[in-house]
Amino acid sequence: MKICIHRGSKEIGGTCIEIESQGQRIILDIGIPLDCPIDEATIPEVSGIKNHDESLLGIIVSHAHLDHYGLLSAVTQDIPILIGDGARKIINASNFFFPTNNLSLDNYNILEDQKPISLGPFTITPYLVDHSAYDAYAVLIEANGKHLFYSGDFRGHGRKQKLLDRLIAHPPKKIDVLLMEGTTLSRVSSKTRYPSEDELENRFIHLIKDTKGMALIWAAAQNIDRLVTIYKACRKTNRLFIVDMYTASIMRAIENPKLPQPGWSQFKVFLPLRQKKVIRDRKLFDFAKSFSSSRVYPEQLKVLSERAVMLFRPSMVRDLEKVDCLANASLIYSLWPGYLKEKRLNWFNDWMTKNKISLCHCHTSGHAPIFDLQRFAKAIKPDKLVPIHTFEPGLYQEYFTNVKIQNDGEWWTI
């Protein structure tokens, strides 16, 4: 088995790994580097991505984050995509509302937890993992008697935290190479523990109760765990959870009856101006009408403000200013804190000050802290551990054994 990390050995985001056996190949993830627009991202030099090459058997997408799938729109559509069904539905729902480069996921095979898939000389076994992305997988690749395990992105403190404990208790055997993410290595110490989603729920409850007006929560629309956490907090504080139509469409598209979605008590849908323009431009009037029973309209926001928790992003500033619903409002920021320090958001911080909106941080990482990375690596017991999805490959040797750094663009064999 031959492996080439085309991108990701020394950066977080843009992951792309090519694996070859017996003259046939597969790809693990094909993402966009962080903070890089799709139209500016460099496509890895892999034969068969842009034009047909029968030796390229498929592309495995570990989860639905752009830094792992964002360049799929550049891939010729005759290549099968292996992806979880929930992840596929999220991508399709996003593309329906905000189409980018005509991305199509019509040619696909579904990844299911611990159900092997045969593809040429490869046996591919996905392992469902806990991550901030819904329906995320680690992947075991077997070929020619060799075993490679790709961690994908994972954690052990989300709403599916038992999945990490299960994997540690029952790991795949005889792993020659572990490709393991190290997102947090440059951010925290080995003693750091991240709060769980259950702990965040209690924190949200406290912050919502302390807000006299509307509680604005800036969180990612595709962080399904976080949306569940916020909804639970709304139920326990007797507040409405108002989400934008894009977010509502994602929750509905997943088709998981256990997830909060339009039609549920206290779950409401608002159409911001920017999304309303998308509806008009693309003539998606029947789509918008399908949410009518759950809609909250602009003229209702001021009256509902003291009973409302709204999923928010800066693009909605004009919507809220127009209806004068921000008296005694607070913003609960539920993303990585570094984003707020970027120059592009200086205007937003000024807006917060001008409107006397208090700011609180309530977040947990989508990635495992060093402690859980160590537990994971110890359980897998690879002959060789190769850094991936990290800015600090050199730090691996401080925390793990059998580390071998492989550079982008270099082929190596197991």
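No hydrogens, no waters, no symmetry mates; every other heavy atom, side chains included, goes into these values.
- Counting only heavy atoms from C-beta outward, the side chains of Ile3 and Thr413 never approach each other to under 4.5 Å.
- The 12-atom threshold is not exceeded at CD of Glu306, counting heavy atoms of other residues, nucleotides or ligands nearer than 6.0 Å.
- Annotation: side chain of Val228 is in contact with side chain of Pro260 (closest heavy-atom distance under 4.5 Å).
- The backbone N or O of Ser47 lies less than 3.5 Å from a partner atom in the side chain of Arg25, making a donor-acceptor pair.
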- Message: Let's go through Glu181 and Thr183 carefully: what are the C-alpha distance in whole Å and the side-chain angles of both, what is the deciding distance for side chain to side chain donor-acceptor pair (under 3.5 Å) to 0.1 Å, and is it a yes or a no?
- Response: CA-CA 6 Å; Glu181 71 127 314; Thr183 306; 2.6 Å; yes
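- Between the side chain of Arg7 and the main chain of Gly14, a donor-acceptor pair closer than 3.5 Å is present.
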- Working for side chain to side chain donor-acceptor pair (under 3.5 Å), residues Ser94 and Tyr246: CA-CA 8 Å; Ser94 300; Tyr246 165 67; 3.1 Å; yes
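- The shortest heavy-atom contact between Ala220 and Leu227 is O-CD2, 4.2 Å.
- Here the options are Met352, Met310, Met316, the test is side-chain contact (heavy atoms from CB on, under 4.5 Å), and the partner is Leu216; only Met310 passes.
- Under the 30°/60° scheme for interplanar angles, the aromatic rings of Phe267 and Tyr231 are found to be tilted.
- Around NZ of Lys268, the count of heavy atoms belonging to other residues, nucleotides or ligands within 6.0 Å exceeds 12.
- Note that CD1 of Ile332 is 6.5 Å distant from SG of Cys362, once rounded to the nearest 0.5 Å.
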- Message: As a quick check of understanding, evaluate side chain to side chain donor-acceptor pair (under 3.5 Å) for Ser132 and Asn223, giving each step before the final call.
- Response: CA-CA 5 Å; Ser132 54; Asn223 188 338; 5.0 Å; no
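- Residue Glu54 places its CD atom among 12 or fewer non-hydrogen atoms of other residues, nucleotides or ligands, all under 6.0 Å distant.
- Taking CG of Leu140 as the reference point, atom OG1 of Thr125 lies at 5.0 Å (rounded to 0.5 Å).
- The ring of Tyr333 has its center closer than 6.0 angstrom to the ring center of His361.
- Here the OG1 atom belonging to Thr229 is positioned 7.0 Å from the CG atom belonging to Asp198, to the nearest 0.5 angstrom.
- In this structure, the side chain of Ser249 does not engage the main chain of Ala93 through any donor-acceptor pair within 3.5 Å.
- Distance NZ/Lys115 to CG/Asp113: 9.0 Å, rounded to 0.5 Å.
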- Message: Between Glu197 and Arg226, does the salt bridge (Lys or Arg N to Asp or Glu O under 4.0 Å) criterion hold? Intermediate values first, please.
- Response: CA-CA 7 Å; Glu197 289 290 334; Arg226 191 62 40 79; 2.8 Å; yes
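- No hydrogens or angles considered: a donor-acceptor pair under 3.5 Å links the side chains of Ser290 and Arg252.
- Inter-residue side-chain proximity for Leu82 and Tyr108 is flagged as unmet; no heavy-atom pair is nearer than 4.5 Å.
- For Ile380 against Pro171, the heavy-atom pair with the smallest separation is CD1-CB, 4.0 Å.
- Using the six-membered ring where Trp is involved, Phe291 and Phe287 have ring planes that are perpendicular, over 60° apart on the 30 and 60° scheme.
- When all heavy atoms are compared, the tightest approach of Phe122 to Glu20 is CZ-C, 4.0 Å.
- With salt bridges taken as basic N to acidic carboxylate O contacts below 4.0 Å, none links Asp383 and Lys404.
- Between the side chain of His363 and the main chain of Ser334, a donor-acceptor pair closer than 3.5 Å is present.
- In this structure, the side chain of Tyr127 does not engage the main chain of Ser151 through any donor-acceptor pair within 3.5 Å.
- Going from atom CG of Asp153 over to atom OG of Ser62 covers 6.0 Å, rounded to the nearest 0.5 Å.
- The side-chain heavy atoms of Asp130 and Phe154, taken from C-beta on, include no pair separated by under 4.5 Å.
- At least one donor-acceptor pair closer than 3.5 Å links the side chain of Thr390 to the backbone N or O of Gly182.
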- Message: Let's go through Tyr137 and Tyr150 carefully: what are the C-alpha distance in whole Å and the side-chain angles of both, what is the deciding distance for ring pair (Phe, Tyr, Trp, His ring centres under 6.0 Å) to 0.1 Å, and is it a yes or a no?
- Response: CA-CA 9 Å; Tyr137 292 91; Tyr150 171 53; over 10 Å; no
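- With respect to Arg159 and Glu201, a salt bridge is recorded, a charged nitrogen being found less than 4.0 Å from a carboxylate O.
- Under the 4.0 Å criterion applied to side-chain N and carboxylate O atoms, Asp225 and Lys160 are assigned as salt-bridge partners.
- The shortest side-chain heavy-atom distance between Ile60 and Ile27 does not fall under the 4.5 Å cut-off.
- Under the rule for a ring pair (Phe, Tyr, Trp, His ring centres under 6.0 Å), the partners of Trp336 that lie at least two apart in sequence or sit in another chain are Tyr339.
- Counting only distance, with no hydrogens or angles, the side chain of Asn144 and the backbone of Lys146 share no donor-acceptor pair below 3.5 Å.
- The existence of a salt bridge linking Arg375 and Asp372 is confirmed by a sub-4.0 Å separation between a basic side-chain nitrogen and an acidic carboxylate oxygen.
- Atom CG of residue Asn109 and atom CD1 of residue Ile59 lie 12.5 Å apart, to the nearest 0.5 angstrom.
- Side chain of Asp244 to backbone of Val269: no donor-acceptor contact under 3.5 angstrom is found.
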- So His206 and Asp210, side chain to side chain donor-acceptor pair (under 3.5 Å) or not? Walk me through it. CA-CA 6 Å; His206 174 75; Asp210 282 352; 3.2 Å; yes
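- The existence of a salt bridge linking Glu255 and Lys89 is confirmed by a sub-4.0 Å separation between a basic side-chain nitrogen and an acidic carboxylate oxygen.
- In terms of heavy-atom proximity, Pro126 sits nearest to Ile124 at CD-O, 3.7 Å.
- Between Thr184 and Tyr194 the shortest side-chain heavy-atom distance falls below 4.5 Å.
- Put simply, the side chain of Asn407 never gets that close to the backbone of Glu410: no donor and acceptor are under 3.5 Å apart.
- Taking the charged nitrogens against the carboxylate oxygens, Asp85 and Arg88 do have a contact shorter than 4.0 Å, which makes a salt bridge.
- Ring geometry, His63 versus His68: the interplanar angle falls from 30° to 60°, so the pair is classed tilted.
- Within the cation-pi definition used here (under 6.0 Å to the ring centroid, within 45° of the axis), Arg295 does not qualify as a partner of Phe270.
- Under the 3.5 Å distance criterion, with hydrogens and angles disregarded, a donor-acceptor pair is assigned to the side chains of Asp53 and Ser55.
- Applying the 6.0 Å contact sphere to CZ of Arg166 captures more than 12 heavy atoms from other residues, nucleotides or ligands.
- Remark: the backbone N or O of Leu345 is paired with a side-chain donor or acceptor of Asn349 at under 3.5 angstrom.
- A salt bridge is absent between Lys50 and Glu45: the closest approach of a Lys/Arg side-chain nitrogen to an acidic carboxylate oxygen does not fall below 4.0 angstrom.
- Applying the salt bridge (charged side-chain N to carboxylate O under 4.0 Å, His left out) criterion to Asp135, with sequence neighbours excluded, gives no partner residue.
- Side-chain contact between Ile81 and Leu72 is present, with heavy atoms from C-beta onward closer than 4.5 Å.
- For the pair Ile250 and Ile224, the tightest heavy-atom approach, listed with the atom from each and the gap, is CG2-CD1, 4.3 Å.
- Of all the heavy atoms in Pro257 and Gln261, the pair that sits closest is CA-NE2, 4.0 Å.
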